[in-house]
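Right, one structure below, let's go through it.
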Amino acid sequence: MRKIIHIDMDAFFAAVEQRDHPEYRGKAIAVGGLPGSRGVVATCSYEARKYGVHSAMASSLAVKLCPHLIFVRGNYEAYREASAIIRRIFLEYTDLVEPVSIDEAYLDVTVNKKNNPSATRLAAEIRQKIKAETQLTASAGVSYCKFLAKIASDLEKPDGLVVIPPQKALDILSKLPIGKFHGIGKATEEKMKQLGINNGADLRSWELQPLLKRFGKAGQYYYNIVRGIDERQVVTSRIRKSISMERTFSDDIDDLETLKEYLSTIAEKLAQKMNEKGFKALTLTVKLKYSNFEIVQRSCSAKRAFDENNIISSQAKCLLEEFYDRQRSVRLVGIGLSSLVWKDVKISKQMTMPFYEDSQYIKISNNDKIF
Amino acid sequence: MKFSIEKKDLLPFIQHLNNIIPSKNTMPILTNYLIKADENENQLIITATDLEITVIATIKANIMLGGKVAVSARKLMEILTRMPDEVINFIYQEDELLITSISAKFDLLCAEANQFPMVPDVDLADSVAFNAGLFRKMISSTSFAVSTEINRPIFTGINWTLDPEFQMMAATDGKKIAEFTHHKPTHVTERIDCIIPTKGLNFLDKVITENFDTVNVLIEPNRVIFSYDSYLLMTHVIEGRYPDYNKAIPKNNNSILIVDKEHLKQAIGRVSLLATEDTYKIHLSISNNSFIIDCVNREEGEAREKITEFTYDGKDIEIAFNYKFLLAIINVIETPRVEFKLGASNEAALLFNVDQEEDYSTRFLLMPLRLL
């Protein structure tokens with residue numbers, strides 16, 4: 001069984017403001033756009049929540065609900081700083097950290113750096129450390145899957161620690177109002193209520209087929225979570241570093257065109273694999289092993305990320321032409337793709353005006369000269 | 001040497017001069033101020049130099065006995081900062097500088113004043129007068145765009161063009177350009193271009209106040225001398241011709257975005273919370289009826305903000321910028337609204353003040369991040 005901790009900072013932006021500005025303490029404050037400016041509340045203090053103010057609410061509405069609400073322009077550097085400290089604390093416990101946002105993360109502590117089998121103790125320790133180092137409070141949820149850990153962290157917010165052991169999971173879920181299920185948004189909540197599903201117990205009474213019929217693919221997810229089944233892994237930012245594929249020939253090859261054909265085949269398979277994994281690459285390497293087992297390779301970095309078959313293939317052939325010694329025969333050819341990033345991540349590079357790179361303006365450092 | 005001066009009359013000078021003291025300690029004597037007490041004129045002359053930039057401050061004081069001393073710049077500033085607000089007495093005898101207030105007393109060991117580099121005399125008779133406020137505005141509108149790469153020395157300075165008909169300051173680091181032009185005749189008789197290191201100009205930016213409205217400038221072949229209020233600043237000029245950056249400025253950026261500056265700043269401030277530190281990238285999607293700024297951070301999540309009040313006339317565009325560069329430019333935009341002239345996603349964006357009626361104009365260029 002896995003041990004997952006979900007840590008969620010309490011009213012993060014507002015808490016940082018109250019920490020840094022004693023005059024805001026105990027007061028209803030909101031970080032976000034000012035009421036006159038069509039802005040919305042990014043975060044508000046618990047004092048403001050009593051009046052029904054919540055995040056994403058139009059600032060103008062928030063003031064109506066809570067006339068003495070103090071609006072604060074965000075000091076985002078301070079939030080970033082606090083977030084970095086918290087992240088560092090997480091990494092003291094495990095490398096399996098999945099940041100969800102600036103103030104929230106999942107930790108898989110099944111195996112952890114403290115060799116402590118009690119996830120509950122670890123969660124308590126992490127909360128203490130966060131408080132000691134940032135003077136901010138966090139709520140923690142502990143369970144055997146991400147979904148329940150998240151539910152747990154919300155149960156006794158703020159400054160709470162809730163453990164949901166497997167034997168209690170169904171009980172807690174049964175009583176949970178349907179809108180509190182993570183992944184069930186406003187629209188779905190309304191739809192479920194119309195179907196008479198008001199809490200977990202109601203949802204659990206539904207079979208899979210009718211759920212699929214009403215909610216499509218998501219029906220499967222609802223069916224699972226209400227039974228406490230959530231197999232999603234804690235995904236860290238660290239992803240595999242490279243994907244490569246090579247081909248060893250039964251007879252050595254000394255013909256450029258034949259080698260290119262093999263590269264095409266490899267490129268096609270690699271592209272497919274990249275697609276399955278959802279990666280694109282920023283670096284491509286071609287590897288050759290000559291008949292005497294000497295290995296040579298050449299890399300290039302992308303002007304455009306390597307994801308499609310034809311881009312990988314044409315770049316690989318280009319490289320091969322550059323460095324393949326046509327006098328020699330080859331026993332192995334391969335392509336490696338590295339600097340992998342998720343496909344949907346937009347990778348970018350700062351552009352520079354050409355004149356800046358002009359060599360006449362670049363001074364080669366010279367020890368005899370003092371700048 | 002013996003003199004006395006009120007703390008409040010000395011400390012501001014010492015704090016400003018401290019910016020000139022070199023941080024890298026190549027020549028130990030340069031970590032000192034040279035203080036000369038002039039009995040006849042009843043004034044102190046304090047010099048700070050890093051050999052490239054020299055600043056001399058002349059301050060009225062009560063001089064009992066003339067002389068000179070080289071004293072640790074850092075120690076003097078620290079001591080003065082903590083002294084009570086009263087008259088401070090300085091006595092230099094036998095290699096020791098005695099600094100006393102009514103209750104506190106310091107004995108500072110001092111360096112040999114004669115080791116301090118000679119500062120060549122300056123004759124300001126041929127200097128030209130400039131409006132100090134304008135001069136300061138020119139510096140602050142451009143100095144953020146200089147390069148910090150010391151292997152490209154020409155880009156580490158601001159290019160100052162003085163023409164009988166106009167004057168202009170420009171700076172670029174290859175990623176952005178800032179240019180300020182004052183469209184009024186100057187007092188020079190022929191065109192002069194000089195590239196001035198930012199350190200000296202930033203010093204002037206700090207010390208120029210509303211109290212004195214003239215800065216006198218003397219341009220010599222290898223150095224420029226500025227005289228302002230009680231300060232005299234000499235700086236070397238950077239050798240070479242400033243590159244013609246005009247060829248990098250797009251002529252056909254026909255898509256015009258006009259947006260409230262404060263709104264935009266706030267939105268960028270929020271969205272950039274999730275920008276990564278490798279590129280500081282934020283992403284703008286603009287069409288005639290929608291303007292969205294977003295940022296995707298694989299490790300921390302996503303941020304997105306819709307700008308509701310804007311006008312845009314042009315082709316739909318997706319463009320990404322380093323938000324720090326973008327904010328640096330927006331911060332020197334003076335009008336309530338800012339205008340963007342955009343071309344394509346991989347082409348430079350131009351930024352301007354909107355409806356500004358002044359006798360000067362500014363233009364800014366920012367290179368985008370290319371999406372791979």
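Predicted, not measured: the structure shown is a model, and the values here were computed from it.
- The contact between B:Leu273 and chain A is made by backbone and side chain atoms together, counting heavy-atom distances below 4.5 Å.
- By the neighbour-count criterion of 12 heavy atoms within 6.0 Å, atom NZ of A:Lys113 is densely surrounded, having more than that number from other residues, nucleotides or ligands.
- For chain A, the nearby parts of B:Arg270 are the backbone and the side chain; heavy atoms of each come within less than 4.5 Å.
- Counting heavy-atom pairs closer than 4.5 Å to chain A, the top residue among B:Lys175, B:Glu149, B:Lys176 is B:Lys175.
- Around the CD atom of B:Glu262, the shell of radius 6.0 Å holds more than 12 heavy atoms that belong to other residues, nucleotides or ligands.
- Heavy atoms of other residues, nucleotides or ligands lying less than 6.0 angstrom from CZ of B:Arg241 number 12 at most.
- Rounding to the nearest 0.5 Å gives a distance of 9.5 Å between CG of B:Leu369 and CE of A:Met351.
- With a 4.5 angstrom heavy-atom cutoff, A:Glu357 touches chain B via backbone and side-chain atoms both.
- Neither the backbone nor the side chain of B:Tyr280 comes within less than 4.5 Å of any heavy atom in chain A.
- Ring geometry for B:Phe155 versus A:Tyr356: interplanar angle of 30 to 60°, hence tilted.
- Comparing B:Ser272, B:Ala267, B:Ala320 by how many heavy-atom pairs each has under 4.5 Å with chain A, the most go to B:Ser272.
- Heavy atoms of B:Leu365 lying under 4.5 Å from chain A belong exclusively to its side chain.
- Going from atom CE of A:Met353 over to atom NZ of B:Lys247 covers 12.0 Å, rounded to the nearest 0.5 Å.
- Of the listed residues (B:Ile238, B:Asp173, B:Leu51), the greatest number of heavy-atom pairs within a distance under 4.5 Å of chain A belongs to B:Asp173.
- Surrounding CD of B:Glu277 are at most 12 heavy atoms belonging to other residues, nucleotides or ligands under 6.0 Å away.
- Counted within 6.0 Å of CZ on B:Arg223, heavy atoms from surrounding residues, nucleotides or ligands total more than 12; the atom is thus considered enclosed.
- Contact of B:Glu305 with chain A is not made at all, since no heavy-atom distance falls under 4.5 Å.
- With sequence neighbours left out, the side-chain hydrogen bond (donor to acceptor under 3.5 Å, both in side chains) criterion links A:Arg19 to no other residue.
- Using a distance-only test at 3.5 Å, with no hydrogens or angles considered, a donor-acceptor pair links the side chain of A:Gln350 to the main chain of B:Met367.
- Of the two parts of B:Asp260, neither the backbone nor the side chain holds a non-hydrogen atom closer than 4.5 Å to a non-hydrogen atom of chain A.
- Every residue two or more places apart in sequence or in another chain that forms a ring-ring contact (aromatic ring centres under 6.0 Å, His included) with A:Phe147 is listed here: A:Phe181.
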